[in-house]
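Here is how names work: the chains are called A, B, and so on, in the same order as the sequence lines, proteins then strands, and each is numbered from 1.
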Number of protein chains: 2
Amino acid sequence: MKIATWNVNSIRTRKPQVKEWLMVQDIDILCVQETKVTDEEFPKDDFEQIGYNCYFYGQKSYNGVAILSRNNLECFYGFSGIINGEKSSKMDEQKRLMAARGDIILVNVYVPNGNSVDSEKYHYKLEWLASLREYLKVLKEKYGENIIICGDFNIAPEDIDIYNPQGKENHIMASPKERNALKEIVDLGFIDAFRKFRKEGNYFTWWDYRQNGFARNRGWRIDHIYVTPVVAEKILDCYIDINPRKVERPSDHAPVICEL
Amino acid sequence: MKIATWNVNSIRTRKPQVKEWLMVQDIDILCVQETKVTDEEFPKDDFEQIGYNCYFYGQKSYNGVAILSRNNLECFYGFSGIINGEKSSKMDEQKRLMAARGDIILVNVYVPNGNSVDSEKYHYKLEWLASLREYLKVLKEKYGENIIICGDFNIAPEDIDIYNPQGKENHIMASPKERNALKEIVDLGFIDAFRKFRKEGNYFTWWDYRQNGFARNRGWRIDHIYVTPVVAEKILDCYIDINPRKVERPSDHAPVICEL
DNA sequence: GCTCGTGCGG
DNA sequence: CCGCACGAGC
């Protein structure tokens, strides 16, 4: 079974590439981020035609997540319902989180980018990550130890996850506060599935469109799949497929695949 | 020898289709309208690479004409220089007219659309056509009887040039004043090259992008090639190639070709 | 660079 | 419906 995560940077624009990739890679479940489309406008027919059920939680222009799955899934959307209160419903104004319940709980996240260190958006990112931690704590209590969290975290956990980590201490996606917020999530009891199989650097999932980032391999590993130890035992492999980043009109992100 | 006219609706967007078509059709001279590009930004290298000299007269976003020619040409741009005064230099603010001098004078025009009957733009269209008439009168006096005028006239000369002429009396591109302004130009001594070979209706050069105009064949014949009688004698054929209207990302216009 | 929305022009 | 410009977000 193959579960994947991919920030597609507009599901409408990337529709042909995503369809092609799903078929070639024989993916069972794909968690998508940055769909940039309202639920009314989600191009579900295209994916249903190739055998995928579509679950989506989107908005106009920005953010938006979706899960495309060969099997039917029971999905829930946003923080609300799991963690409640004014703050979580405020957080749900941006559509960045959904989950599916099957044998395993699968959480699909699009963590805020944060713009630049200490900006208003940076503080929102930290708050959002704190909410995610609360959310995952409840999920663990509620549904037990079979959890996968995947998505675009907009954080490179370690220096080896950046093409050139020098001078990135104060860079968005690498700053200590972000890394710590992510660590506090991981410390709830998750394992970086990719790092279970590959310990070395030079593996990236995102390259800036600008300044030929991909051609120069100026990449960052910011898309992750985190799993509970019980799930970790079942994983056969976890890897990045950079081929979709090479095609015409690519997303700036490459998908990450987990086989189990 | 093949001379053609084609409103490409952005030379940058249509570059691949135009290059492909020039080669397949073995065109010697192509008059282009609606290039929508400044002279600095005209993609001349692409056409030079396939053996065409580029002569262009454009502006940002709107209008713009060009001549692509296998042989070198001597070109002149706008009304000014042929007809002078405040009005013609005012008219030249919109880049809609250029000409080439060889054995034959070739005039390339993009007549204003006119928006709707009696609008401000409609009156501008009529004025522009009056200026064109003055311009052509001078050209005839100056250079004699070897003249070809081609381009997007935004006028269907007769009812048979419209898919459904009923109720189009007050429609832009069919109203009596426009048709009369065109007739006054033709009456300077020009022949509709297309009509020399095809007398019947159901021949169109433009189909609205909206409401699936092409699929429903809701077309208009508004792109024309007019020639002096001396030239008319040398023409072997004149026809519309609708194939470029069938491809992916087509212009809303099809090219018209004249063989001589 | 490459998305998107908005607004204009056709 | 499909071009363009512009501004925003990443």
Engineer: In whole angstroms, how far is the P atom of dC1(D) from the CZ atom of Arg245(B)?
Structural biologist: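 After rounding, the gap between these two atoms is 12 Å.
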
Engineer: Tell me yes or no: between the side chains of Asn180(B) and Lys183(B), is some donor less than 3.5 Å from an acceptor?
Structural biologist: no

Engineer: To the nearest Å, how far apart are Asn7(A) CG and dC4(C) C1'?
Structural biologist: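 Nearest whole value for this atom pair: 14 Å.
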
Engineer: Output the single nucleotide from dC1(D), dT3(C), dG9(D) whose closest atom is nearest the side chain of Lys121(A).
Structural biologist: dG9(D)

Engineer: For Phe153(A) and dC10(D), give me the distance from atom CZ to atom C1', rounded to whole Å.
Structural biologist: 18 Å

Engineer: How long is the line joining CG of Asn154(A) and P of dG9(D), in whole Å?
Structural biologist: 15 Å

Engineer: Side chain of Thr13(A), heavy atoms from C-beta onward: which of dC4(C), dC2(C), dC10(D) has the nearest atom to it?
Structural biologist: dC4(C)

Engineer: Under a 3.5 Å cutoff, is there a donor and acceptor pairing between the side chains of Trp206(B) and Asp152(B)?
Structural biologist: no

Engineer: With no hydrogens and no angle check, do the side chains of Asn113(B) and Lys125(B) hold a donor and an acceptor under 3.5 Å apart?
Structural biologist: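 Note: Asn113(B) and Lys125(B) side chains miss the donor-acceptor criterion.
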
Engineer: Please state how far atom CD in Gln33(B) lies from atom P in dG10(C), giving the value in whole angstrom units.
Structural biologist: 15 Å

Engineer: So which one's nearest nucleotide on DNA chain C is more toward 5', Pro250(A) or Lys60(A)?
Structural biologist: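 Between the two, 5'-proximity favours Pro250(A).
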
Engineer: Please tell me which of the listed nucleotides, dG1(C), dG10(C), dG3(D), lies nearest to the side chain of Arg249(B)?
Structural biologist: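 Nearest nucleotide to the side chain: dG3(D).
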
Engineer: May I ask you to evaluate whether Arg12(A) reaches the phosphate of dG5(C), defined as a side-chain N or O under 4.0 Å from OP1 or OP2?
Structural biologist: yes

Engineer: What's the closest nucleotide to the side chain of Arg210(B) if the choices are dA5(D), dG10(C), dT6(C)?
Structural biologist: dG10(C)

Engineer: Of the options dC4(C), dC10(D), dG3(D), whose atoms approach the side-chain atoms of Lys36(B) most closely?
Structural biologist: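 Nearest listed nucleotide: dG3(D).
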
Engineer: 5'-most contact on DNA chain C: Asp252(A) or Ser10(A), nearest heavy atom basis?
Structural biologist: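 Of the two residues, Asp252(A) wins.
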
Engineer: For Lys15(A) and dT3(C), give me the distance from atom NZ to atom P, rounded to whole Å.
Structural biologist: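 Interatomic distance, NZ of Lys15(A) to P of dT3(C): 15 Å.
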
Engineer: Report yes or no: do Glu34(B) and Tyr110(B) form a side-chain donor-acceptor pair below 3.5 Å?
Structural biologist: yes

Engineer: Give the rounded distance in Å between these two atoms: CH2 of Trp206(B) and C1' of dG9(C).
Structural biologist: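 That distance rounds to 13 Å.
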
Engineer: Taking CD from Gln59(B) and P from dA5(D), how many angstroms apart are they, rounded to a whole number?
Structural biologist: 11 Å

Engineer: As an exercise, state the distance from CG of Asp161(B) to CG of Asn202(B), rounded to the nearest 0.5 Å.
Structural biologist: 11.0 Å

Engineer: Let's see if you can work this out: which of dG3(D), dT3(C), dC10(D) has an atom nearest to the side-chain heavy atoms of Arg14(B)?
Structural biologist: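 Of all the options, the side chain of Arg14(B) is nearest to dG3(D).
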
